[in-house]
> 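This is the structure I want to talk about, given as structure tokens.
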Amino acid sequence: MTGGESARGLDDARRRLERARRVAVLTGAGISAESGLPTFRDPQGLWQRFRPEELATPQAYAHDPERVWAWYASRYRAACAARPSRAHELLVELEREKGEGFLLVTQNVDGLHARAGSRRVVELHGSLHRARCERCAERFPLPPPEAFTPPPYCPRCGGRARPDVVWFGELLPAEAYLQAEEAFRHAEVALVVGTSAVVEPAASLGRLARACGAYLVEVNPQQTPLSALAHLSLRCGATEGLQALLGEDCP
Ligand code: NAD
Ligand code: ZN
């Protein structure tokens, strides 16, 4: 599992994680791959079948809102049908252990962390489960998938609403990013799980934590730009890696 890593590296990471009062975690699509949701950049990922500039940009939406909504509606249905994985659950357990010193920052829009029971979560890229009014910016939850036909209309002003996700070329929600930065700046241990670490500025959170003295652990079956910086890279899936770090015996 740990590739060339020594068992000592894992023991050290485990001890540090156990003792740490401040822990920040960044997750990406890889953690939800274990719930059956495709990632973006892997060989089976969504970008192999769709071109991002055709679907995940403001220009794409202005040009063909029906097509963009159809894609988000199908991802919304898939997210509702998926179930949180053991990896999602292990992060709930870690949150319970650490309490206020814990923050989970996710690039995922599938809502699986909250469904698993995580409460201290920051969704950097928005949510498939919500829409945002194009006229008055009101955010509201989508109806259940079986009752949903896009596009949704604003309950406040009747305007057409767009998916409440962050598209390429758009800014991240400022408050969410500041909260994430604060947690990574002060973390004693930072975990980066299942992200290709190429989408900025989320990818720089790991680097920030490292520069501020955190012990940085990456869990990803593939090498990423963060691997060279990490104190420990676990080359395995999210569940296996978190089980190893949290000392849970594999089934
Ligand atoms: P990405 O597709 O760029 O990278 C996925 C990473 O997960 C890869 O590095 C891959 O090696 C790793 N991975 C694959 N299987 C894994 C496993 N079982 N365990 C751990 N890691 C595994 O995804 P990203 O880094 O999250 O890219 C960011 C963008 O992708 C964001 O904009 C995000 O909103 C979006 N996205 C979200 C979802 C979701 O909500 N489920 C799905 C796809 C993409
Ligand atoms: Zn409105």
Side-chain angles (χ1 to χ4, degrees), residues 1 25-50 52 55-57 71-72 74-76 78-88 90-91 105-115 121 123-129 131-140 151-170 172-173 176 191-203 205-206 217-227 233-245:
M1 167 196 60
V25 183
L26 174 67
T27 63
I31 193 168
S32 294
E34 301 193 346
S35 294
L37 298 177
T39 62
F40 274 4
R41 292 175 182 79
D42 289 315
Q44 301 305 312
L46 295 167
W47 287 159
Q48 307 301 316
R49 289 182 283 145
F50 303 97
L55 292 160
T57 66
W71 190 55
Y72 279 96
S74 86
R75 290 181 61 203
Y76 170 55
C80 291
R83 294 186 36 180
S85 68
R86 183 71 194 131
H88 291 99
L90 286 167
L91 291 177
V105 178
T106 189
Q107 299 171 92
N108 295 344
V109 291
D110 54 38
L112 286 177
H113 285 303
R115 269 178 57 205
V121 192
E123 290 180 322
L124 279 185
H125 292 170
S127 173
L128 292 172
H129 300 262
R132 187 167 87 229
C133 178
E134 292 170 47
R135 198 188 290 160
C136 78
E138 174 88 347
R139 292 185 156 87
F140 59 95
Y153 290 92
C154 176
R156 194 163 110 190
C157 78
R160 192 183 67 179
R162 56 166 274 179
D164 191 22
V165 298
V166 178
W167 282 325
F168 287 99
E170 294 185 320
L172 298 185
L191 305 181
V192 177
V193 183
T195 170
S196 58
V198 295
V199 179
E200 291 293 349
L205 290 171
V217 183
E218 174 185 59
V219 181
N220 196 313
Q222 307 288 329
Q223 197 167 334
T224 78
L226 265 191
S227 303
S233 282
L234 298 177
R235 290 274 163 265
C236 61
T239 297
E240 193 184 344
L242 289 171
Q243 281 176 324
L245 284 169

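FYI, side chains are in, hydrogens and waters are out, and symmetry mates aren't considered; it's all heavy atoms of this structure. We number each residue from 1, following the sequence as shown. Every number for a ligand or one of its atoms is a count from 1 in the order of the listing.
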> Rounded to the nearest 0.5 Å, what separation is found between the SG atom of C154 and the CD atom of E138?
5.5 Å
> Using the rule given for side-chain contact (heavy atoms from CB on, under 4.5 Å), can you reason through L124 versus V105, listing the C-alpha separation, both sets of side-chain angles and the distance that settles it, and then say yes or no?
CA-CA 7 Å; L124 279 185; V105 178; 3.6 Å; yes
> To the nearest 0.5 Å, tell me how far I31 CD1 sits from L37 CG.
11.5 Å
> Output all residues satisfying salt bridge (charged side-chain N to carboxylate O under 4.0 Å, His left out) with R115, sequence neighbours left out; order by chain, then residue number.
none
> Using a plain distance cutoff, I'd like to know if A238 has any nitrogen or oxygen under 3.5 Å from a nitrogen or oxygen of ligand 1.
yes
> Side chain, backbone, both or neither: which part of E34 has a heavy atom under 4.0 Å from ligand 1?
side chain
> Looking only at distances, can you tell me whether any N or O atom of V109, backbone or side chain, sits closer than 3.5 Å to an N or O atom of ligand 1?
yes
> Numbering the atoms of ligand 1 from 1, which are under 4.0 Å from a heavy atom of G237?
17 (C), 18 (N), 19 (N)
> Can you tell me how far OG1 of T27 sits from CG of L91, rounded to the nearest 0.5 angstrom?
7.0 Å
> Using heavy-atom distances, let me know which of V192, D110, L234, T195 sits nearest atom 39 (C) of ligand 1.
D110
> Nearest to atom 5 (C) of ligand 1 by heavy atom, A197, S35, A78, G194: which?
G194
> Considering only heavy atoms, which of G126, A82, G30, A87 lies nearest to atom 16 (C) of ligand 1?
G30
> According to salt bridge (charged side-chain N to carboxylate O under 4.0 Å, His left out), who are the partners of R139, at least two apart in sequence or on a separate chain?
D164
> Given C236, S196, S32, A56, which one has a non-hydrogen atom that is nearest to atom 1 (P) of ligand 1?
S196
> Mark up the atoms of ligand 1 that fall under 4.0 Å of a heavy atom belonging to G28, in ascending order.
26 (O)
> Using 2.8 Å as the cut-off, note every protein N, O or S atom close to the Zn ion (ligand 2).
C133 SG, C136 SG, C154 SG, C157 SG
> Going by the atom numbers of ligand 1, which of them fall below 4.0 Å from some non-hydrogen atom of A29?
23 (O), 24 (P), 26 (O), 38 (C), 42 (C), 43 (C), 44 (C)
> Taking only heavy atoms of R75 into account, list the atoms of ligand 1 that are under 4.0 Å away from them.
37 (C), 38 (C), 42 (C)
> Nearest heavy atom to atom 31 (C) of ligand 1 wins, so pick from E218, Q223, H125, R235.
H125
> Below 30° counts as parallel, above 60° as perpendicular, anything between as tilted: where do the rings of W167 and Y72 land?
tilted
> Of all the atoms in ligand 1, which lie at a distance below 4.0 Å from a heavy atom belonging to P38?
42 (C), 43 (C)
> Does E134 pair with R160 as a salt bridge, N-O distance under 4.0 Å?
yes
> Which heavy atom of H129 sits nearest to which heavy atom of C80, and what is that distance?
CE1-SG, 3.9 Å
> Is the closest basic N to carboxylate O distance between E240 and R86 below 4.0 Å?
no
> If the cut-off is 4.0 Å to any non-hydrogen atom of Q222, which atoms of ligand 1 fall inside it?
11 (O)
> Can you list the residues that meet the salt bridge (charged side-chain N to carboxylate O under 4.0 Å, His left out) rule with D110, with sequence neighbours excluded?
none
> Return yes if some donor-acceptor pair links the side-chain N/O of R235 with the main-chain N/O of Q222 below 3.5 Å, else return no.
yes
> Could you tell me the separation between the OG atom of S32 and the CD atom of Q107, rounded to the nearest 0.5 Å?
11.0 Å
> For atom 12 (C) of ligand 1, which of N220, N108, V193, V166 has the closest heavy atom?
N220
